[in-house]
Amino acid sequence: MSSRPLRVYLTGADGMLGTALTAALDADPATADWPLLGVSIKDFDIGDRAAVAASIDAFRPDVVVHTAAHAIVDDCEQDPAMALRVNVAGVRHVAEACRRTGARLIYLSSDYVFDGEHTPDRGYREEDLPAPRSVYGLTKLAGERVAEMAPGHVNVRTSWLFGGVDERLDTVLSVVRGIQRGERSRLIGGQFSCPTYTVDLARALVFLMTDGSDVTGTLHVTNQGSASWYQVASEIHALLGADAGLAPEPAFFEEAGFIGGRPRDSTLDTARLRSIGFILPSWQDAVARYCDTLVSTPVGGSR
C-alpha cells in the first residue's frame with residue numbers, strides 16, 4: 001500500500017459504477033484525501049485521442065480507473081463503429097496516456113467475453129479461453145488486450161451490475177420500482193451470471209488501489225453466487241413481501257428478441273479475488289442491502 005496519497009483519474013465518473021467508486025473513495029479513511037479527477041462524456045469524447053491525452057497528461061495520475069464504455073449490447077450490434085470507437089479506441093487512448101505518464105490502469109471488462117456454452121462448474125476462471133458472441137463482447141475483449149499496454153494493468157471482469165438510478169440500465173431497480181407501481185415483471189429464467197452491486201464492486205476497486213496495489217493481470221470481481229434475472233426478481237418479491245399477484249413471471253431466453261448474441265451462463269469464478277484477501281458478499285445479501293435503500297425512496301425520487 002502506498003504511503004502517500006495517490007492521484008486517481010476516473011473515466012465514466014457519472015455512470016453507475018463511477019458514481020459508486022467516487023463515493024467509496026470518499027468514504028474510506030485510507031483514500032478520502034486522495035486527489036480525484038472524474039471525467040465523463042460531458043467533458044470530452046473518449047474516442048478523441050487528443051482530448052484524452054491532454055486531460056490525463058495535465059492531471060498526471062498515479063492510477064487510472066477506466067469504467068467508461070458503450071455497454072448496451074444491442075446498440076453495439078447495430079452500431080459496431082461506435083462500439084469500436086468507445087470500447088477499443090477509447091481504451092487505447094487511455095492506455096497510451098498511462099504508458100506516457102507511468103500511471104497504473106484498472107480497466108473494467110465484462111463476463112460477455114465468454115460464450116457461456118460450456119461453463120465450468122464453478123464458473124469461468126481468468127485463464128479460460130474467451131469466445132465472445134457479440135460485438136459488445138468482442139470489443140470488451142479487444143479492450144483487455146489494449147489495456148495490457150499500460151504499466152501494472154488490471155483487467156477487472158465483472159457482470160450484471162445494479163445499484164444505479166436508471167431503470168433502463170438496472171434490472172434490480174426496475175423490478176423494485178415496478179412492484180411499487182403495482183406492475184408484474186417478466187424476466188428471463190434461462191440465462192445465468194453473477195449479479196453484482198456497484199457498491200461492493202467499488203469497494204473491491206478501492207482495495208486494488210490500497211492493499212491490493214501489487215495485483216496485476218486479469219481478475220474476476222463479482223458478488224458470490226449465480227442466478228438468472230428471474231431468480232433475482234423472485235428474491236426481490238420475497239424481500240419486499242409483495243402481493244402474490246405481483247410475483248415475477250419467467251420468460252424463455254428465445255423470447256427476449258436480442259439482436260446480439262448472449263452467453264447462456266457467464267458465471268465468473270472469483271477464486272483469485274479470494275486468494276488475494278478480498279471476498280464480496282452473496283448476490284442475495286447485496287440485493288437485500290440495495291432494496292433497503294430503495295424502499296425508503298419514493299417512486300420517481302432520487303437516492
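Residue indices begin at 1 and follow the sequence shown.
- In this view, Trp283 satisfies the ring pair (Phe, Tyr, Trp, His ring centres under 6.0 Å) rule with no residue, not counting sequence neighbours.
- Interatomic distance, OH of Tyr9 versus CG of Asp62, reported as 14.5 Å (0.5 Å rounding).
- Minimum interatomic distance between Ala233 and Leu187 (heavy atoms only, all atoms of both residues): CB-CD1, 3.5 Å.
- Checked against side-chain contact (heavy atoms from CB on, under 4.5 Å), Ala32 has no partners two or more places apart in sequence or in another chain.
- A 4.5 Å side-chain heavy-atom check between Tyr107 and Glu144 finds at least one atom pair inside the cut-off.
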Do Glu183 and Arg177 pass the salt bridge (charged side-chain N to carboxylate O under 4.0 Å, His left out) test, and can you show the C-alpha distance, the side-chain angles, and the key distance before you say yes or no?
CA-CA 8 Å; Glu183 299 167 358; Arg177 293 303 188 220; over 6 Å; no

Give the C-alpha distance, both sets of side-chain angles, the deciding distance and a yes or no for salt bridge (charged side-chain N to carboxylate O under 4.0 Å, His left out) between Arg99 and Glu96.
CA-CA 5 Å; Arg99 286 187 66 177; Glu96 288 172 346; over 6 Å; no

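- Remark: of the listed residues Asp115, Asp74, Asp111, Asp74 is the sole one forming a salt bridge (Lys or Arg N to Asp or Glu O under 4.0 Å) with Arg262.
- For Phe253, the ring pair (Phe, Tyr, Trp, His ring centres under 6.0 Å) partners two or more places apart in sequence, or in a different chain, are Phe258.
- To the nearest 0.5 angstrom, Arg92 atom CZ is 8.0 Å from Met149 atom CE.
- When the options Asp269, Val113, Thr119 are evaluated for a side chain to side chain contact (heavy atoms under 4.5 Å, CB included) with Tyr124, the one that passes is Thr119.
- Judged purely by atom type and a 3.5 angstrom limit, His237 uses its side chain to pair as donor or acceptor with the backbone of Asp243.
- Using a 4.5 Å cut-off on side-chain heavy atoms (C-beta onward), Phe114 and Asp128 make contact.
- No side-chain heavy atom of Asp166 sits less than 4.5 Å from a side-chain heavy atom of Leu173.
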Yes or no on side chain to side chain contact (heavy atoms under 4.5 Å, CB included) for Thr216 and His153, after CA distance, side-chain angles and deciding distance?
CA-CA 6 Å; Thr216 60; His153 80 279; 5.6 Å; no

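- No continuous path of hydrophobic side-chain contacts links Phe59 to Ile41 [ILVMFWY only; heavy atoms under 4.5 Å].
- Arg289 and Thr293 share no donor-acceptor pair across their side chains, judged by distance under 3.5 Å alone.
- Among residues two or more places apart in sequence or in another chain, the side-chain hydrogen bond (donor to acceptor under 3.5 Å, both in side chains) test is passed with Thr218 by none.
- In this structure, Gln231 contributes its side chain and Ser228 its backbone to a donor-acceptor pair below 3.5 Å.
- Here the CG-OG1 distance, from Asp121 to Thr267, works out to 11.0 Å after rounding to the nearest 0.5 Å.
- With a 6.0 Å radius and a threshold of 12 heavy atoms from other residues, nucleotides or ligands, Arg184 has its CZ atom above the threshold.
- Side-chain polar atoms of Thr11 and His66 form a donor-acceptor pair below 3.5 angstrom.
- Here the side chains of Thr210 and Thr31 are in contact, with some heavy-atom distance below 4.5 Å.
- Residue Val94 is not grouped with residue Leu141 when hydrophobic side chains (ILVMFWY) are merged at heavy-atom distances under 4.5 angstrom, including chains of intermediate members.
- The two atoms that bring Met16 and Leu169 nearest to each other are CE-O, 3.7 Å, heavy atoms only.
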I'd like to know whether Arg157 forms a salt bridge (charged side-chain N to carboxylate O under 4.0 Å, His left out) with Glu127, so could you lay out the CA-CA distance, the side-chain angles of the two residues, the decisive distance to 0.1 Å, and finally the verdict.
CA-CA 12 Å; Arg157 291 181 185 145; Glu127 63 269 24; over 6 Å; no

Let's go through Asn155 and Leu219 carefully: what are the C-alpha distance in whole Å and the side-chain angles of both, what is the deciding distance for side chain to side chain contact (heavy atoms under 4.5 Å, CB included) to 0.1 Å, and is it a yes or a no?
CA-CA 6 Å; Asn155 288 326; Leu219 185 67; over 6 Å; no

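- The side-chain heavy atoms of Val39 and Leu10, taken from C-beta on, include no pair separated by under 4.5 Å.
- Atom CD of Glu235 sits about 10.0 Å away from atom CG of Leu240, to the nearest 0.5 Å.
- Across all non-hydrogen atoms, the minimal contact from Ala24 to Ala202 is CB-CB, 3.9 Å.
- Linking ILVMFWY residues whenever their side-chain heavy atoms come closer than 4.5 Å, directly or via other members, leaves Val172 and Ile188 in distinct clusters.
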Test salt bridge (charged side-chain N to carboxylate O under 4.0 Å, His left out) on Arg203 and Asp200; report intermediate values, then the result.
CA-CA 5 Å; Arg203 288 177 44 243; Asp200 292 338; 3.5 Å; yes

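- Put simply, the side chain of Met209 reaches to within 4.5 Å of the side chain of Leu21, judged on heavy atoms.
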Any chance you could lay out the side chain to side chain contact (heavy atoms under 4.5 Å, CB included) test for Met82 and Cys76, step after step, and finish with the verdict?
CA-CA 7 Å; Met82 178 57 72; Cys76 289; over 6 Å; no

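- The two residues Lys140 and Ala69 come nearest to each other via the heavy atoms NZ-CB, 3.8 Å.
- Each of Thr67, Val64, Val156 was compared with Ile106 under the side chain to side chain contact (heavy atoms under 4.5 Å, CB included) criterion, and only Val156 meets it.
- Here the straight-line distance linking atom CZ of Arg264 with atom CD of Gln191 works out to 8.0 Å at 0.5 Å rounding.
- When only modelled atom types and interatomic distance are considered, Ser282 and Gln224 share no side-chain donor-acceptor pair under 3.5 Å.
- Put simply, OG on Ser226 and CZ on Phe192 are 7.0 Å apart, with the number rounded to the nearest 0.5 Å.
- A side-chain donor-acceptor contact under 3.5 Å links Thr101 to the backbone of Ala97.
- Without hydrogens or angle criteria, Ser234 side chain to Tyr230 main chain gives a donor-acceptor distance under 3.5 Å.
- For the residue pair Ser193 and Ser266, a side-chain donor N or O sits within less than 3.5 Å of a side-chain acceptor on the partner.
- Contact check for Asn87 versus Tyr136: side-chain heavy atoms found under the 4.5 Å cut-off.
- By the 6.0 Å contact criterion, CZ on Arg122 is open, its count of non-hydrogen atoms from other residues, nucleotides or ligands being 12 or less.
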Criterion side chain to side chain contact (heavy atoms under 4.5 Å, CB included) on Thr22 and Leu36, from CA distance to verdict:
CA-CA 8 Å; Thr22 299; Leu36 170 66; 3.9 Å; yes

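- Inter-residue side-chain proximity for Val154 and Leu105 is flagged as unmet; no heavy-atom pair is nearer than 4.5 Å.
- Residues passing the ring pair (Phe, Tyr, Trp, His ring centres under 6.0 Å) test with Phe162 are Tyr197, Tyr290, sequence neighbours excluded.
- Residue Leu25 is grouped with residue Leu280 when hydrophobic side chains (ILVMFWY) are merged at heavy-atom distances under 4.5 angstrom, including chains of intermediate members.
- Put simply, Leu161 and Leu208 are part of the same group of oily side chains (I, L, V, M, F, W, Y) that touch within less than 4.5 Å, one to the next.
- Residues satisfying the ring pair (Phe, Tyr, Trp, His ring centres under 6.0 Å) criterion with Phe207, sequence neighbours excluded, are Phe278.
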